[in-house]
Amino acid sequence: MTQADPVPTGFDLQASGLRKTYDLAPGPGRPKGQQVHAVRDVSLTLRPGRTTALVGESGCGKSTIAKMLVGLESISGGAVRLDGGPLDSQAARKKAWDAKRRIQMVFQDPYASLNPRWRVSRIIAEALAASGLRGGAAIKARTLEILSQVGLPEVAADKFPHEFSGGQRQRISIARALACEPQFLICDEPTSALDVSVQAQILNLLKDLQDRHALAYLLITHDLSVVHHMADHVGVMYLGMLVEDRSAADLFSQPLHPYTQTLLETIPRADQPGREPPRLSGEVPNPLNPPSGCPFHPRCAAANDRCRAEQPQAIAVSGGTVSCHAVEEGRL
Ligand SMILES: Nc1ncnc2c1ncn2[C@@H]1O[C@H](COP(=O)(O)OP(=O)(O)O)[C@@H](O)[C@H]1O
Ligand code: SF4
Ligand SMILES: [Mg+2]
């Protein structure tokens with residue numbers, strides 16, 4: 001399929017009950033057999049033309065999920081399915097070679113993810129060749145077409161990554177991903193390394209490309225304000241788990257989990273320019289020694305004895321689910 005062809009509407013990428021456990025090597029002060037449960041029972045679905053966002057503080061497991069979806073990390077538990085077929089093992093991925101092309105990733109640091117010794121034309125040509133395009137003239141024409149789609153001039157093809165600004169480099173990363181004619185784009189903090197003034201341009205570009213190609217996005221960020229105008233669905237993660245998982249409309253209009261509420265309060269507001277947003281109090285717990293009960297309880301103003309003892313289960317709420325005893329009990 002070329003990108004000019006009609007886009008199939010039936011594709012989807014689904015993760016269900018996804019888990020990732022890292023075995024840590026023993027070392028000074030670290031006994032043998034210690035494990036980090038980086039991702040615990042996370043489910044999500046990516047669909048054409050839709051954006052699912054994952055938000056949460058650093059270390060909560062977002063990048064690990066991204067890597068499992070693109071096959072850069074093995075899966076400890078749960079399942080990944082592409083159009084209903086399993087994609088759990090490396091063997092299954094090899095068989096479904098097309099999956100590699102269909103699921104592309106855009107990384108946080110556009111400099112580290114681009115080969116500094118390659119001109120842009122070669123970076124994109126390699127992706128085009130990997131996705132099956134043959135012939136120098138065809139590759140050159142397609143390279144220029146893709147550069148234009150991401151808002152870069154033709155002369156960009158002859159330059160090296162270091163000759164561009166951060167925002168332009170991220171455009172090159174996006175161009176490289178587009179060269180594979182993907183259906184799914186996993187964007188891991190795509191604007192975090194960029195100046196604020198450039199962030200909106202890259203988000204607008206991503207939105208424009210999604211509209212043109214019906215791309216399914218997983219947008220990963222620690223910053224809820226980034227997802228506000230992009231996401232259709234939002235998963236809020238804390239210590240490897242989804243604590244609130246809802247339509248963006250419901251989550252932004254009536255956030256239910258105390259952690260989500262606090263994250264939303266920390267967004268700087270355009271209508272209150274002088275307002276100093278509150279900081280999230282307390283430290284993220286050590287994932288090697290997670291709190292008992294609800295993992296958020298040491299930082300939660302609504303915590304009670306049940307919260308300290310019993311891990312909350314996901315309950316159905318408007319537009320999705322939330323895992324909080326206080327919501328279930330009607331205390332919040
Ligand atoms: N290769 C690894 N070995 C051991 N622990 C890891 C590894 N990669 C990530 N982790 C741990 O897994 C947790 C989740 O990390 P990560 O997915 O990078 O979080 P985020 O992207 O949300 O910042 C963290 O506690 C991190 O230290
Ligand atoms: S379960 Fe308890 S500690 Fe956890 S978020 Fe809800 S109220 Fe707070
Ligand atoms: Mg990360």
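Just so you know, ligand 1 is whichever comes first in the structure, and atom 1 is the first atom listed for that ligand.
Judged purely by atom type and a 3.5 angstrom limit, Ser131 has no side-chain atom pairing as donor or acceptor with the backbone of Cys180.
Ligand 1 has a nitrogen or oxygen under 3.5 angstrom from a nitrogen or oxygen of Lys62.
Against a heavy-atom cut-off of under 4.0 Å, Leu24 is close to the following atoms of ligand 1: 4 (C). Within ligand 1, the atoms closer than 4.0 Å to a non-hydrogen atom of Thr64 are 14 (C), 15 (O), 16 (P), 17 (O), numbered from 1 in the order shown. Residue-ligand proximity, Ser58 to ligand 1, at heavy-atom distances under 4.0 Å covers atoms 23 (O). Of all atoms in ligand 1, listed by their number and element, those nearer than 4.0 Å to a heavy atom of Cys60 are 19 (O), 20 (P), 22 (O).
Taking atom 9 (C) of ligand 1 as the reference point, the nearest protein heavy-atom neighbour is Tyr22 CE1, 3.5 Å. Among protein heavy atoms, the minimum distance from atom 12 (O) of ligand 1 is reached at Ala38 CB, 3.3 Å. Nearest to atom 19 (O) of ligand 1 among the protein's heavy atoms is Gly61 N, 3.2 Å. Ranking the protein heavy atoms by distance from atom 20 (P) of ligand 1 puts Gly59 N, 3.4 Å first. The protein heavy atom nearest to atom 25 (O) of ligand 1 is Pro287 CG, 3.4 Å. Closest to atom 18 (O) of ligand 1 among all protein heavy atoms lies Ser63 CB, 3.8 Å.
Using bins of under 30°, 30° to 60° and over 60° for the plane-to-plane angle, the ring pair Phe252/His228 lands in the parallel bin. Ring geometry for Phe160 against His162 counts as parallel: the plane angle stays under 30°, on a 0 to 90° scale with 60° as the upper cut.
Protein heavy atoms come within 4.0 Å of atom 16 (P) of ligand 1. Less than 4.0 angstrom separates atom 4 (C) of ligand 1 from at least one non-hydrogen atom of the protein.
Checking Thr51 against Gln210 by side-chain atom types alone, a donor-acceptor pair falls below 3.5 Å. A donor-acceptor pair shorter than 3.5 Å can be found between the side chains of Ser173 and Gln170. Side-chain contact annotation: Asp250 with Ser318, donor-acceptor N/O pair under 3.5 Å present. Side chains of Asp223 and Ser225: a donor-acceptor N/O pair is present below 3.5 angstrom, by distance only. A side-chain donor from one of His233 and Asp245 sits under 3.5 Å from a side-chain acceptor of the other.
The minimum heavy-atom distance linking Leu128 with Ala179 is given by the pair CD2-O, 3.5 Å. Looking at every heavy atom in both residues, Arg331 comes nearest to Cys307 through NH2-SG, 3.8 Å.
Tyr259 and Met241 are not part of a single hydrophobic cluster, where members link through side-chain heavy atoms under 4.5 Å apart.
Between Ser292 atom OG and Glu310 atom CD the span is 11.5 Å, to the nearest 0.5 Å.
For atom 4 (Fe) of ligand 2, the count of nearby protein N, O or S atoms, meaning those under 2.8 Å away, is 1.
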